[in-house]
Structures are given as C-alpha cells and as structure tokens.
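The basis for the numbers below is simple: all heavy atoms, side chains too, and nothing from hydrogens, waters or symmetry mates.
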Amino acid sequence: MKFDLSLYLVLDPELCGDYGMVETTRQAIRGGATMVQLRMKEATTSERIDIGRQLKAVTDGTPARLIVNDDVEAAIAIDADGVHVGQSDERPQQVRAMIGPDKLLGVSVDGIEIAKRFDPAGIDYIGAGPVFATSTKPGHEPPVGFDGLKQIIALAGLPTVAIGGLKESHVGATFEAGADGIAVVSAICGTPDPYQATLALARAIEKAKR
C-alpha cells in the first residue's frame with residue numbers, strides 16, 4: 001500500500017475539544033495531512049470502532065491513510081489502513097499476522113538503544129523519538145533531539161516519521177535529520193483552526209523537501 005509520512009496527524013480527543021476528532025481530521029486532510037492516527041488511550045475498543053468508522057468515511061477517497069494506535073481488533077473492524085504499536089504493545093510479528101500483508105504496520109522506536117536491537121521484518125515505517133519532551137504522551141522516554149533522531153533513522157533503516165513536541169518551526173531540522181515526515185498532535189489538534197494550522201505545516205514541509 002502506498003503511503004506518505006510527510007504530515008502525520010496523531011489525534012488527541014481531549015485537545016480536539018468541541019471541534020471533535022472527525023471535523024479536525026476533515027480540515028487537516030483539506031490542509032494537507034497525509035496520515036491520520038486514531039489514538040484514544042482511555043477509550044474502549046467499541047468506542048474506537050465507532051469513531052474510527054466515522055474517520056474512515058472522511059479519509060476514504062483521499063490520499064490520506066487512517067492508522068489505529070495499539071488496538072488491532074478496532075483496526076480490523078474499521079478496515080483501517082493500518083496499525084501503529086509501541087514497544088510495550090503486542091509484538092509486531094503478531095500484529096502483522098493478525099492484519100495480513102496488505103495493511104500498514106508502524107512501530108514506535110523510542111530511543112537509540114531500542115533502535116540498536118530493532119527488527120524491521122514486516123514493518124512499514126517507524127515513529128522515531130521523542131525528539132522533544134511532550135505533554136501529550138505522559139511517561140515518554142527521554143528526548144533524543146535531532147542528533148538522536150539521525151542515529152535512530154540510520155539504525156532502523158525504514159521510512160521514518162519523527163515525533164515528540166514538534167511544531168512548524170522544527171520542520172526544516174526534522175527533514176535535515178533524514179526523516180520522511182513529521183508527526184504532530186497539538187500543532188493541529190490544539191489550534192482554533194486545524195485547516196490553517198495544517199496548511200502552514202504542509203507548506204513548510206514542501207519548502208523543506210526542495
């Protein structure tokens with residue numbers, strides 16, 4: 001399956017607030033988001049399936065891919081484009097067996113030590129970081145900065161989206177480090193106008209790629 005990591009939106013139900021995840025996604029895709037990850041840490045599988053199906057209706061017919069964080073059962077029920085798992089979730093090989101060969105599988109690589117022992121078999125891309133400390137993921141691993149990001153990318157040898165406290169001002173350094181994309185949460189979800197916020201990011205990415 002073709003995918004573009006350039007502008008990877010990770011949804012946060014709290015930050016989306018009254019705007020909601022569905023409308024935030026609609027406006028973000030309109031602005032240039034290429035990937036959308038449904039992340040609802042405190043929700044049930046049933047709740048993820050309900051919102052995921054609404055998101056699927058938004059992403060269908062667009063170039064953007066819908067990814068579900070952690071919950072393989074929900075991803076299958078939604079017929080999402082893929083799953084993203086962390087180091088403490090189900091093993092990537094188990095997830096691949098569950099979702100089949102045609103869906104996307106992303107894995108978080110949180111730090112250089114994990115990258116050193118990382119097995120890329122069956123994985124389509126990694127989420128590398130955290131580049132900076134972030135309040136949207138409590139208890140995250142220590143930040144690696146852009147030098148650490150470069151090392152993770154070199155060690156993993158897979159398409160990489162950088163994550164962790166990144167904003168529009170970090171786009172240039174993120175791509176200079178070798179990442180294929182930038183993942184953001186509050187840079188879109190926490191803004192009064194997700195369309196304009198995404199558009200600004202997309203333009204900065206286009207400039208960085210030249």
Residue pairs passing the side chain to side chain donor-acceptor pair (under 3.5 Å) test with at least one member in residues 201-210, sequence neighbours excluded, are S6-K209
I need the M35 CE to T59 OG1 distance, nearest 0.5 Å. 11.0 Å
State, to 0.1 Å, how close K103 and G82 come at their nearest heavy-atom pair, and which atoms those are. CB-CA, 4.4 Å
Review item, side-chain donor-acceptor pairs of residues 162-178, under 3.5 Å, at least two apart:
unit_1: H170; atom_1: ND1; unit_2: K167; atom_2: N; d: 2.9
unit_1: T174; atom_1: OG1; unit_2: H170; atom_2: O; d: 2.7

Under the ring-ring contact (aromatic ring centres under 6.0 Å, His included) rule, what pairs show up with a residue in residues 191-210, not counting sequence neighbours? none
So, does R96 use its side chain to make a donor-acceptor pair with the main chain of G100 at under 3.5 Å? yes
Pairwise distance CD1(I49) to CD(E73) - rounded to 0.5 angstrom: 5.5 Å
Considering all heavy atoms of both residues, which atom of G52 and which atom of L66 are nearest to each other, and what is their separation? O-CD2, 3.8 Å
Output yes when a side-chain donor or acceptor of D124 lies under 3.5 Å from a complementary backbone atom of L105, and no otherwise. yes
Residue pair I51 / V22, side-chain heavy-atom distance below 4.5 Å: yes
Sidechain-backbone polar pair: K116 side chain, L155 backbone, donor-acceptor under 3.5 Å: no
Could you check if a side-chain atom of V161 sits within less than 4.5 angstrom of a side-chain atom of I182, using non-hydrogen atoms only? no
Strictly by ring-ring contact (aromatic ring centres under 6.0 Å, His included), give each pair with a member in residues 141-161 just once, sequence neighbours left out. F132-F146
Can you spot which of D193, L9, L15 makes a side-chain contact (heavy atoms from CB on, under 4.5 Å) with I188? L9
Inspect the surroundings of CD in E47 and state if more than 12 heavy atoms from other residues, nucleotides or ligands are less than 6.0 Å away. yes
Distance-only, no hydrogens or angles: does the D81 side chain make a donor-acceptor pair with backbone N or O of I67 under 3.5 Å? no
With heavy-atom distances below 4.5 Å as the criterion, would you say the side chains of E141 and Q87 are in contact? no
Q93 CD: over 12 foreign heavy atoms closer than 6.0 Å: yes
Salt bridge or not between R39 and D71? Use side-chain N to carboxylate O under 4.0 Å. no
Which pairs with one or both residues in residues 16-37 pass side chain to side chain donor-acceptor pair (under 3.5 Å), sequence neighbours excluded? Y8-Q37, E23-R26, E23-Q27, Q27-R30, Q37-N69
Heavy-atom closest pair (V131 atom, A128 atom, distance to 0.1 Å) is CG2-O, 4.4 Å
Evaluate the side chain to side chain contact (heavy atoms under 4.5 Å, CB included) criterion for residues V107 and L158: first the C-alpha distance (whole Å), next the side-chain angles of each, then the deciding distance (0.1 Å), finally the verdict. CA-CA 10 Å; V107 176; L158 284 176; over 6 Å; no
Quick one: list whatever passes side chain to side chain donor-acceptor pair (under 3.5 Å) with K150, sequence neighbours left out. none
Please walk me through it: do M98 and V83 pass side chain to side chain contact (heavy atoms under 4.5 Å, CB included)? CA-CA 10 Å; M98 294 168 71; V83 178; over 6 Å; no
Heavy-atom closest pair, residues T198 and A28: CG2-O, 3.2 Å
